[in-house]
Amino acid sequence: MIGIFGGTFDPVHYGHLRSALEVKEIFGLDEVRLILSAQPPHRNSPHASIGMRLEMLQLAVKKQPGFIVDTREIARAGASYMVMTLESLRQDFPGQPLILFIGSDAFNQLTGWYQWQRLFDFSHIVVLTRPGFSIKQLDDFFAVRQTGDKQELSQNLAGKLYFQAITQLDISATAIRNLIADQRNPAFLLPDAVLAYINLHQLYQTQTTH
Ligand code: ATP
């Protein structure tokens with residue numbers, strides 16, 4: 001089984017990395033693919049360039065077995081739509097279950113994603129919730145796909161919806177960028193190698209509103 005984590009990674013931090021490692025272990029994934037969103041359709045433009053976000057991601061995971069930096073959204077022109085990414089992964093891995101991991105905030109907005117129903121043609125979706133989070137009433141499209149049985153994810157290539165509670169570290173890229181702009185030290189929120197890269201290239205020096 002292959003896990004898929006999308007993000008702008010502006011910059012990558014321990015919130016991302018810790019949850020990717022937890023789900024790798026919980027679901028027994030062969031690999032976790034970190035998909036760098038080149039042009040995120042649902043948010044403001046990233047602060048660091050795509051090349052720099054890529055280098056930071058590579059530095060963050062280079063010693064972590066089974067973590068793969070996936071650049072297919074960079075190679076493709078135009079907005080980074082997840083459905084196209086999953087279709088392309090399905091072509092590359094025809095016989096492997098794929099699991100797209102998203103946070104519960106993203107799940108609440110999923111029906112706004114481009115061709116969101118088709119996501120399930122290519123992949124399962126696992127929603128990462130905070131412990132104690134209660135699932136709100138699901139409409140029929142989701143209810144028929146939801147399972148409480150993790151085994152069903154490995155028994156099917158795609159099409160299931162599953163909720164998994166994990167401990168999320170209270171870290172965001174926005175908070176890290178703001179610390180740096182305030183001349184404060186974000187050490188221990190992200191890998192040292194990533195912080196060294198940020199300092200070397202003097203990234204995120206100016207305060208931003210997003
Ligand atoms: P920003 O603050 O710039 O919005 P971010 O820290 O939320 O960035 P993204 O690259 O936008 O990071 O997020 C990529 C994915 O990682 C999203 O699915 C998001 O829900 C998840 N994520 C972000 N922060 C955490 C965290 N602390 N713990 C677990 N997952 C996280």
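In listed order, ligands and their atoms are each counted from 1.
When each of Y162, F163, W116 is tested with F142 by the rule ring-ring contact (aromatic ring centres under 6.0 Å, His included), just one qualifies, namely W116.
The distance criterion of under 3.5 Å between nitrogen or oxygen atoms is not met by I102 with respect to ligand 1. Any N or O atom pair closer than 3.5 Å counts here, and F5 shares no such pair with ligand 1. In terms of N/O distances under 3.5 Å, ligand 1 is not approached by F101. Here's the thing with H16: one of its N/O atoms is less than 3.5 angstrom from an N/O atom of ligand 1.
Taking the six-membered ring where the residue is Trp, H201 and Y197 present tilted rings, their angle falling between 30° and 60°.
In the vicinity of I171, heavy-atom distances shorter than 4.0 Å reach the ligand 1 atoms 24 (N), 26 (C), 27 (N). If you number the atoms of ligand 1 from 1 as listed, the ones under 4.0 Å from a heavy atom of T8 come out as 9 (P), 10 (O), 11 (O). Of all atoms in ligand 1, numbered sequentially from 1 with element shown, those under 4.0 Å from a heavy atom of G7 are 10 (O), 14 (C). Interface of G6 with ligand 1, defined as ligand atoms under 4.0 Å from a residue heavy atom, comprises 14 (C), 15 (C). Listed by number with element, the atoms of ligand 1 under 4.0 Å from a non-hydrogen atom of L169 are 26 (C), 27 (N), 28 (N). The ligand atoms of ligand 1 that sit less than 4.0 angstrom from a heavy atom of F9 are 10 (O).
Taking the ring axis of F141 as reference, the NZ or CZ atom of R145 stays within 45° of it and closer than 6.0 Å to the ring centre.
Only the side chain of H13 comes within contact range of ligand 1, with a heavy atom under 4.0 Å; no backbone atom does. Of all the heavy atoms of S172, the ones lying under 4.0 Å from any atom of ligand 1 are found in both the backbone and the side chain.
The option from V12, D10, T174 that lies nearest to atom 1 (P) of ligand 1, judged by heavy atoms, is T174.
In summary, the side chains of Y204 and D10 do present a donor paired with an acceptor at a separation below 3.5 Å, with no hydrogens or angles considered.
Between D182 and R184 there is no salt bridge, since no side-chain N of the basic residue sits under 4.0 Å from a carboxylate O of the acidic one. Salt-bridge formation is not detected for the pair E31/K24: no Lys NZ or Arg NE/NH1/NH2 atom is positioned less than 4.0 Å from an Asp or Glu carboxylate oxygen.
Taking 4.0 Å as the cut-off, R177 counts as a neighbour of ligand 1 on heavy-atom distance.
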*Applying side-chain contact (heavy atoms from CB on, under 4.5 Å), run through L195 and N185 and close with a yes or a no.*
CA-CA 9 Å; L195 182 53; N185 185 352; 3.8 Å; yes

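Within a 6.0 Å sphere centred on CG of D139, other residues, nucleotides and ligands contribute more than 12 heavy atoms. Within 6.0 Å of CG on D149 lie more than 12 heavy atoms contributed by other residues, nucleotides or ligands.
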